[in-house]
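A short write-up of the structure that comes next.
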Amino acid sequence: MRLNVKTIYALCRRFDHCSQHRFNLRYLSTVELSEQQKNKLESGTVKRQALKKLLDGPQLKDFITKPQYELASEDVPYLDNTNFGHHRKVYFDVHGCQMNVNDTEIVWSILKSHNYLKTDDLEDADIVLVMTCAIREGAETKIWNKLENLKGLRNKKIEKNIKPRMKIGILGCMAERLKEKILEKERTVDIIAGPDSYKDLPRLLAVTENDQIAINVLLSLDETYADIMPVRLNENAVTAFVSIMRGCDNMCTYCIVPFTRGRERSRPVSSIIDELQYLSDQGVKEITLLGQNLKDLRWLNLPVYKTKLGGLRFADLLEKVADVNPEIRIRFTSPHPKDFPDEVLQLIQEKPNICQSLHLPAQSGNSNVLERMRRGYTREAYLELVEHVRQILPNVAISSDFICGFCGETEEEFQDTLSLIEAVKYNTAYLFPYSMREKTTAHRRYQDDVPQYIKQRRLDRMIHLYRGIVKSLNRQKIGQLQLVLVEGYSKRSKLHLAGRNDANIKVIFPIGEIPVQDDSSSCRSIEPGDYIVVQINDSTSQCVGTVSGSG
Ligand code: 5AD
Ligand code: SF4
């Protein structure tokens with residue numbers, strides 16, 4: 001028997017409840033009640049008590065699941081997780097690309113505001129969050145091994161009766177890709193959070209308090225974390241990353257990123273500029289803008305799904321970014337070679353604080369392989385682009401990514417990759433053997449038919465060629481003066497400092513002094529964050545070195 005809606009409204013008004021309660025009561029009409037219950041409810045005191053009980057209980061909104069990207073912790077009244085951290089210590093283990101470093105800084109910002117602490121000592125951690133990479137099988141294997149180690153550490157802590165039980169979380173691309181497998185294979189994992197669900201982490205961590213496994217791997221069309229100011233993992237570093245977009249719609253046939261990170265979306269301009277201003281105020285001297293495909297989007301002041309209308313183009317955004325503080329060096333990665341914007345080249349020429357270094361990921365030097373990869377350009381078009389870039393920016397440093405052993409790659413096709421590396425003479429290259437990924441077009445359409453040992457041999461040949469080229473490019477720098485941003489001590493010696501030149505090449509030089517600004521008669525030690533001019537005296541295939549530095 002259904003309760004009459006009108007009766008409920010009347011009863012509500014008699015108890016002088018607010019419109020929200022009346023609204024909630026409307027849903028009582030769908031509750032099946034027995035005749036006896038109905039009579040009781042409609043009779044005086046019992047009726048009042050019953051209604052009060054209902055009205056004071058959980059409301060309808062408590063049972064409606066909002067989209068995850070809207071679900072802030074304070075929206076869950078029965079789970080007070082706003083203060084849930086209780087100063088528990090989190091250890092971050094970051095794998096993969098620069099985007100993952102930046103995502104970890106977003107996660108740290110969220111957890112810090114919920115009273116968690118960060119520790120750099122794994123043994124001391126209450127929670128270990130592993131930021132994962134899924135791009136190649138090798139990257140995933142490393143993480144499975146890591147989980148084994150963490151399991152051992154947790155068991156040791158349990159044996160020693162250390163409480164609370166250490167929690168282990170898998171974040172990022174692998175979480176998104178392997179949720180079921182992680183659960184089946186890794187019963188040790190407590191939290192699985194994909195790249196778009198970091199705002200949900202306080203709630204997920206709260207759920208694990210009762211030793212339940214908490215998962216959120218929903219991908220979003222508009223999550224850009226625009227409202228979160230990342231907290232840097234190393235707050236003393238003079239360099240920082242700023243994400244300006246998320247996801248990728250390119251669908252290169254070998255690549256898993258569109259499946260793990262979801263659709264392309266740009267971050268609102270105002271939040272990008274605010275973050276830059278904040279980093280500038282903190283004394284950061286170099287910022288790298290991050291995104292999977294920087295050209296194709298428009299940047300607006302609102303969170304948007306991909307749009308080709310209105311808003312700023314990448315070149316306009318870059319100009320705004322460069323103008324925030326001319327003392328800050330700007331880098332960006334990665335534009336796509338299939339439609340590289342000319343305006344960006346003009347802008348680099350005009351603005352001295354935009355580095356003269358470009359990442360132009362070629363992937364292969366053979367047009368057939370590029371077509372199978374669905375890259376959208378040929379070898380010839382790529383070489384034309386490089387020539388055009390060098391006409392406008394003669395001193396530009398070019399870097400690239402290459403994959404060898406892609407499906408069906410013949411020896412002749414691979415030799416085209418070698419000849420492209422030879423022709424362009426990259427200052428930096430990231431070289432990978434192909435690794436077949438589930439879900440990708442290549443997985444559905446092609447055969448991973450280049451044997452592993454041939455992939456490895458081709459990789460060695462690429463590395464050998466590339467190293468030789470870089471060695472000779474770096475040797476040409478000997479005798480030159482280079483502007484270097486000092487980053488800190490060299491890894492090998494406390495008597496040397498390390499920094500990077502405009503082309504992003506590491507420069508090592510002895511500790512020393514520079515004149516104090518506005519008072520050339522006194523000096524001070526060279527510090528991280530200083531720009532200094534050094535003369536290059538020696539070089540290797542990794543870096544250039546000097547025996548003298550000057551301010
Ligand atoms: N196998 C090997 N390398 C890959 N990359 C992307 N997907 C794969 C894959 N399946 C490389 C590309 C890309 C870089 C980030 O990783 O070169 O530019
Ligand atoms: Fe970064 Fe790509 Fe690895 Fe994801 S899969 S962490 S986007 S490199």
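In what follows, every heavy atom counts, from backbone to side chain, and hydrogens, waters and symmetry copies are set aside. Start at 1 and go down the list; that is how both ligands and their atoms are numbered.
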**Report entry** Donor + acceptor pair across side chains of Ser280, Asn325 (<3.5 Å)
**Finding:** yes
Query raised in the report: If you measure from each non-hydrogen atom of Met436 to ligand 1, which part falls under 4.0 Å: side chain, backbone, both or neither?
Result: neither
Report task. Identify the heavy atoms of Ser400 and Ala362 that sit nearest to each other, and give their distance. Result -> OG-N, 2.9 Å
**Report entry** Region of Tyr254 that comes within reach of ligand 1 [heavy atoms, distance under 4.0 Å]
**Finding:** both
Report summary line: Closest non-hydrogen atoms of Lys439 and Arg444, given as atom of the first, atom of the second and distance, are O-NH2, 3.7 Å
Query raised in the report: In terms of ring plane angle, is the pair Tyr198 and Tyr225 parallel, tilted or perpendicular, where the classes change at 30° and 60°?
Result: parallel
Query - Stepwise side chain to side chain contact (heavy atoms under 4.5 Å, CB included) test for Asp103 and Val107 - result: CA-CA 6 Å; Asp103 275 9; Val107 169; 5.5 Å; no
Requested in this report: Please could you name the atoms of ligand 1 that Ile403 approaches to less than 4.0 Å, counting only its heavy atoms?
Outcome: 3 (N), 4 (C), 5 (N), 12 (C), 17 (O)
**Report entry** For Gln363, atoms of ligand 1 separated by under 4.0 Å from a heavy atom
**Finding:** 12 (C), 13 (C), 17 (O), 18 (O)
**Report entry** Val257 contact mode with ligand 1 (heavy-atom cut-off under 4.0 Å)
**Finding:** neither
Query raised in the report: Which atoms of ligand 1 have any heavy atom of Arg437 under 4.0 Å away?
Result: 10 (N)
Query raised in the report: For ligand 1, is Cys97 a contact, meaning one of its heavy atoms is under 4.0 Å away?
Result: no
Solution key, residues 417-424 side-chain donor-acceptor pairs under 3.5 Å, sequence neighbours excluded:
unit_1	atom_1	unit_2	atom_2	d
Thr417	OG1	Gly365	N	3.0
Ser419	OG	Arg379	NH1	3.2
Ser419	OG	Arg379	NH2	2.8
Ser419	OG	Asp416	O	3.0

Requested in this report: Could you tell me which atoms of ligand 1, counted from 1 in the order shown, lie closer than 4.0 angstrom to a heavy atom of Ser435?
Outcome: 1 (N), 2 (C), 9 (C), 10 (N)
Query - Part of Ser334 with heavy atoms under 4.0 Å of ligand 1, whether side chain, backbone, both or neither - result: neither
Query raised in the report: What do you reckon, are the aromatic ring centroids of Phe402 and Tyr466 less than 6.0 Å apart?
Result: no
Query raised in the report: Atoms of ligand 1 less than 4.0 Å from Arg136 heavy atoms?
Result: 1 (N), 2 (C), 3 (N), 4 (C), 5 (N), 11 (C), 16 (O)
